[in-house]
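One structure is given here, and the rest of the page talks about it.
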Amino acid sequence: MDRFLIGLVSAFKWLYRIIGVDYQQMIAIVTVKLKTDNRRQPISYRTSSPDEAGYAFLITLFIYGLFGAVMGLFLAALASLMLSMALFYSFLIVMIAMTLITDFSAILLDTSDNTIILPRPIEGRTLFAARLTHIILYLGQLAIGLTLVPAMVVGSKYGITLLPAFLLLVILSIMVAVFLTNAAYLLIMQFSSE
């Protein structure tokens with residue numbers, strides 16, 4: 001899975017070079033971050049077995065796929081398009097925001113990159129690009145798990161022509177969830193330490 005994601009990022013190598021990012025350094029940082037995602041056990045899935053720790057993120061994606069399948073059943077059962085879409089996008093925003101709050105807060109608020117990587121000859125722009133790429137890959141995987149079955153239901157029930165708008169609104173909903181989570185973190189950090 002990590003190789004596929006790195007291959008996906010390498011398709012945008014030209015974009016990273018245009019904005020002045022050292023691509024080799026950035027891809028090395030992202031690779032390490034993806035490996036640590038698979039080893040880090042999210043709060044939503046704790047196991048005592050060290051053998052299962054390497055698959056914790058895949059198990060989380062499977063569970064999110066089940067949540068998405070249940071939401072797909074709701075979308076298929078509801079007759080009103082407006083009600084079903086409002087319900088689905090509310091579900092998506094809440095799930096992504098809760099995931100960011102519980103499992104991803106260590107990465108959003110992590111300052112160890114600054115102390116470990118920045119003393120090395122790595123520019124801040126490269127580190128920022130690596131963090132942003134990692135967050136996009138993480139949220140993209142979660143979004144695929146949550147929206148795969150609902151997208152199939154929407155495509156079969158309302159037609160393929162609605163799918164581009166559906167997927168665009170999925171991206172916008174994820175951006176809203178990230179904005180709300182970051183706003184909540186900034187507000188909390190005004191009153192408490194990291």
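With rounding to the nearest 0.5 angstrom, the CG atom of L137 is 11.5 Å from the NZ atom of K33. Between atom OG of residue S173 and atom CE of residue M85 there is a gap of 10.5 Å, rounded to the nearest 0.5 Å. To the nearest 0.5 Å, atom CG of residue L100 and atom CD1 of residue I135 are 8.0 Å apart. Distance check, rounded to the nearest 0.5 Å: CG of L139 to CD1 of I171 gives 11.5 Å. A distance of 9.0 Å separates CD1 of I29 from CG of D22, quoted to the nearest 0.5 Å. Distance CZ/R3 to CG/L8: 16.0 Å, rounded to 0.5 Å.
Heavy-atom neighbours of Y158 OH from other residues, nucleotides or ligands within 6.0 Å: above the threshold of 12.
No side-chain donor from either of Y16 and T126 sits under 3.5 Å from a side-chain acceptor of the other.
A distance-only check finds a donor-acceptor pair linking the side chain of K157 to the backbone of L75 [under 3.5 Å]. Side-chain atoms of R125 come within 3.5 Å of backbone atoms of I19 as a donor-acceptor pair (strictly under, hydrogens ignored).
If you run side chain to side chain contact (heavy atoms under 4.5 Å, CB included) between L5 and each of T133, V30, L34, only L34 comes through. Checked options T147, I96, T99; the residue passing with Y64 is T99 (criterion: side chain to side chain contact (heavy atoms under 4.5 Å, CB included)).
A pairwise comparison of heavy atoms in A76 and V153 identifies N-CG1, 3.8 Å as the closest pair. Contact detail for I174 and A143: the closest heavy-atom pair is CD1-CB, 3.2 Å. Between A177 and A97, the closest heavy-atom pair is CB-N, 4.0 Å.
When side chains are defined from C-beta on, L15 does not count as touching R17, because their heavy atoms never get closer than 4.5 Å. Side-chain contact between V9 and M26 is present, with heavy atoms from C-beta onward closer than 4.5 Å. Side-chain contact between W14 and I18 is present, with heavy atoms from C-beta onward closer than 4.5 Å. Residues L81 and L162 form a side-chain contact, since some pair of their non-hydrogen atoms from C-beta on lies under 4.5 Å apart.
Grouping the Ile, Leu, Val, Met, Phe, Trp and Tyr side chains by contacts below 4.5 angstrom, directly or via other members, places V170 with L172. There is no path of hydrophobic side-chain contacts, each under 4.5 Å, that joins M175 to L132. Both I59 and Y138 are assigned to one and the same hydrophobic cluster, defined by single-linkage of ILVMFWY side chains at heavy-atom distances under 4.5 Å. Connection of M98 to V176 is not established within any shared hydrophobic cluster, with ILVMFWY side chains joined at heavy-atom distances below 4.5 Å, either directly or through further cluster members. Residues V178 and F128 fall into different hydrophobic clusters, defined by Ile, Leu, Val, Met, Phe, Trp and Tyr side chains chained together at heavy-atom separations under 4.5 Å.
Aromatic ring centres of F166 and F88: separated by under 6.0 Å.
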Evaluation steps, side-chain contact (heavy atoms from CB on, under 4.5 Å), between F67 and M71 = CA-CA 6 Å; F67 286 154; M71 185 50 67; over 6 Å; no
Using the side-chain contact (heavy atoms from CB on, under 4.5 Å) rule, take F91 and L146 through it: C-alpha gap first, then chi angles, then the decisive distance, then the call.
-> CA-CA 9 Å; F91 161 78; L146 288 170; 3.9 Å; yes
Kindly indicate, with the supporting measurements, whether the criterion side-chain contact (heavy atoms from CB on, under 4.5 Å) is fulfilled by Q141 and L61.
-> CA-CA 7 Å; Q141 292 176 78; L61 285 180; 3.9 Å; yes
